[in-house]
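In what follows, a single structure is set out as structure tokens and then discussed.
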Amino acid sequence: MDKLLFLYNLHAGKGMLRGKLAPILDALTEHWDVTVHPTRGPGDATDTARARAGEFKRIVCSGGDGTLHEVVNGLMALPEGERPEVGYIPAGTTNDFAKNLSLPGTLNEAAAVAAAGAPRPVDIGSFNDQSFLYVAAFGAFTDVAYNTPQQAKNLLGHLAYVMEGATRLGSIQPHPMTVEYDGGTVSDGFCYGMVSNTISVGGFKGTPAQPVALDDGLFEVALVRQPQNPLQLQGIFKALANMADDEGGLVTCFRTSKLRIVSQEPLDWTLDGEFGGTHRQAEIINRKRAVTIVHGA
């Protein structure tokens, strides 16, 4: 049997994995010679994936998108030919990236896919000296998606974001910046920006006007100008769900393989829902088909 490393985070998703490891291991050991490694804290999945990648044909991780983010960062530190395949058993609170992979909803079914499914290449984002899997974002709404209750998202769709975002309209501030991308340059004040390769952010699955391909070498980018009222805010979130310009001219969307963002002031960024540091300049590059990840049906 080929060798597989199983990395898991017991603390993800309010401890969802506790007491459920046995059937997962049964599914993995049916096909692989498995080595098990529980993560020991932030950054451990990155360090372990990078240090031990050469020993295994496949690395399967279980936890939230943050755990998968760490594994990918570890692998991206290695030459392309030395990166093992990746399987993902989502056990977090939001599990955005799992929606791109068409993974089944239960842990046991996802484990069966991680063990026996076929890996396909996906693009990875390079952000200065870090990597991200599906989204890099700055500004006013970076935490709205994660603070809005999932029940409200399921019931109201993007209107749930409007309701959450409306509570902070008075505190939204534009950030003057210049954005260079494949198609040109735009200079303006933006209160929010998102560079993504995903159909889901913060648990809300959008309906992009153009289908999102995980391996086309292109990011979907949205830049948002400052809204003045809840009606404009509603238009913004609708545009973000469709990844298309809004009628009011507050949202600019485009696709690009790279971009350079220079802000007049330091910006806090999130990468795959985790804090990505404070930067005045961001060089963001799409690394086409850089990692292979197991997909569902």
Side-chain angles (χ1 to χ4, degrees), residues 65-66 68-69 72-73 76 94 96-97 99-100 122-146 161 174-206 208-225 236-237 239-246 250-263 265-291:
D65 286 338
L68 181 61
H69 169 87
V72 166
N73 267 268
M76 288 298 291
T94 308
D96 277 318
F97 198 71
K99 297 177 178 67
N100 294 296
V122 300
D123 301 338
I124 301 296
S126 171
F127 179 95
N128 292 344
D129 59 348
Q130 304 178 69
S131 296
F132 65 94
L133 188 61
Y134 66 96
V135 66
F138 70 83
F141 308 123
T142 51
D143 64 335
V144 168
Y146 300 95
Y161 291 153
H175 306 284
M177 65 183 66
T178 297
V179 181
E180 302 172 4
Y181 59 100
D182 289 350
T185 301
V186 57
S187 295
D188 209 335
F190 297 107
C191 65
Y192 176 74
M194 178 173 69
V195 181
S196 68
N197 191 35
T198 182
I199 59 173
S200 175
V201 176
F204 178 65
K205 190 173 181 180
Q210 299 181 58
V212 174
L214 302 185
D215 62 349
D216 62 356
L218 296 174
F219 295 121
E220 286 70 39
V221 180
L223 300 171
V224 179
R225 296 167 182 83
I236 285 171
F237 282 114
L240 292 177
N242 296 329
M243 286 305 293
D245 295 358
D246 69 323
L250 295 181
V251 181
T252 295
C253 294
F254 54 86
R255 292 186 171 189
T256 184
S257 65
K258 60 184 180 298
L259 63 163
R260 181 172 181 262
I261 298 177
V262 180
S263 172
E265 57 195 33
L267 289 177
D268 289 345
W269 283 80
T270 63
L271 304 178
D272 295 340
E274 308 289 330
F275 181 59
T278 302
H279 309 268
R280 287 189 62 179
Q281 180 170 312
E283 300 279 351
I284 307 174
I285 301 171
N286 187 297
R287 307 295 185 187
K288 186 175 182 180
R289 300 166 68 93
V291 171

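Quick caveat: nothing in here was measured; it's all calculated off a predicted structure.
Side-chain atoms of Q130 and L271, non-hydrogen and from C-beta on, do get closer than 4.5 Å to each other. A 4.5 Å side-chain heavy-atom check between M194 and V135 finds at least one atom pair inside the cut-off. Annotation: side chain of L214 is in contact with side chain of N197 (closest heavy-atom distance under 4.5 Å). Taking 4.5 Å as the limit, some side-chain heavy atom of L223 sits within range of a side-chain heavy atom of V179.
Residues H279 and F138 place their aromatic rings such that the two centres sit no closer than 6.0 Å.
A search for ring-ring contact (aromatic ring centres under 6.0 Å, His included) contacts involving F254 returns Y181, not counting sequence neighbours. The salt bridge (charged side-chain N to carboxylate O under 4.0 Å, His left out) test applied to D216 returns no partner, not counting sequence neighbours. F132 pairs by the ring-ring contact (aromatic ring centres under 6.0 Å, His included) definition with F219, not counting sequence neighbours. Under the side chain to side chain contact (heavy atoms under 4.5 Å, CB included) criterion, P266 pairs with T278, R280, sequence neighbours left out. For E274, there are no salt bridge (charged side-chain N to carboxylate O under 4.0 Å, His left out) partners two or more places apart in sequence or in a different chain. With sequence neighbours excluded, no residue forms a salt bridge (charged side-chain N to carboxylate O under 4.0 Å, His left out) with D245.
Taking both residues in full, the closest heavy atoms of S196 and M243 are given as OG-CE, 4.4 Å, listed atom of the first, atom of the second, then distance. Listed here is the closest heavy atom pair of A282 and F127: CB-CE1, 3.6 Å. Scanning all heavy atoms of the two residues, the minimum distance from S187 to T178 falls at OG-OG1, 2.9 Å. What you find for V251 and A244 is that their closest heavy atoms are CG1-O, 4.1 Å. Pairing each heavy atom of K288 with each of D123, the nearest pair is CA-OD1, 3.3 Å. Among all heavy-atom pairs drawn from G189 and P174, the shortest one is C-CB, 4.0 Å.
The line from CZ of R260 to CD of E283 is 5.0 Å long, rounded to the nearest 0.5 Å. Once rounded to the nearest 0.5 Å, the distance linking CD1 of I261 with CD of E180 reads 10.5 Å. Taking OG of S126 as the reference point, atom CG of N128 lies at 7.5 Å (rounded to 0.5 Å). Here the CZ-CG distance, from F275 to D268, works out to 4.5 Å after rounding to the nearest 0.5 Å. Note that OG1 of T256 is 10.0 Å distant from CD1 of I284, once rounded to the nearest 0.5 Å. In this structure, the separation between CD1 on I199 and CG on N100 is 5.0 Å, given to the nearest 0.5 Å.
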Verdict with supporting geometry, I236 and L250, side chain to side chain contact (heavy atoms under 4.5 Å, CB included):
CA-CA 7 Å; I236 285 171; L250 295 181; 4.1 Å; yes

Does T198 form a side chain to side chain contact (heavy atoms under 4.5 Å, CB included) with E220? I'd like the steps, not just the answer.
CA-CA 8 Å; T198 182; E220 286 70 39; over 6 Å; no

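Each of D182, N286, V195, L218 was scored for a side-chain contact (heavy atoms from CB on, under 4.5 Å) with K258, with one residue passing: D182. When I124, V291, N73 are each tested for a side-chain contact (heavy atoms from CB on, under 4.5 Å) with L133, only one passes: I124.
Looking at D65, its side chain does come within 3.5 Å of a backbone N or O of F97 through a donor-acceptor pair.
The pair R225-D188 meets the salt-bridge criterion, since a charged nitrogen lies less than 4.0 angstrom from a carboxylate oxygen.
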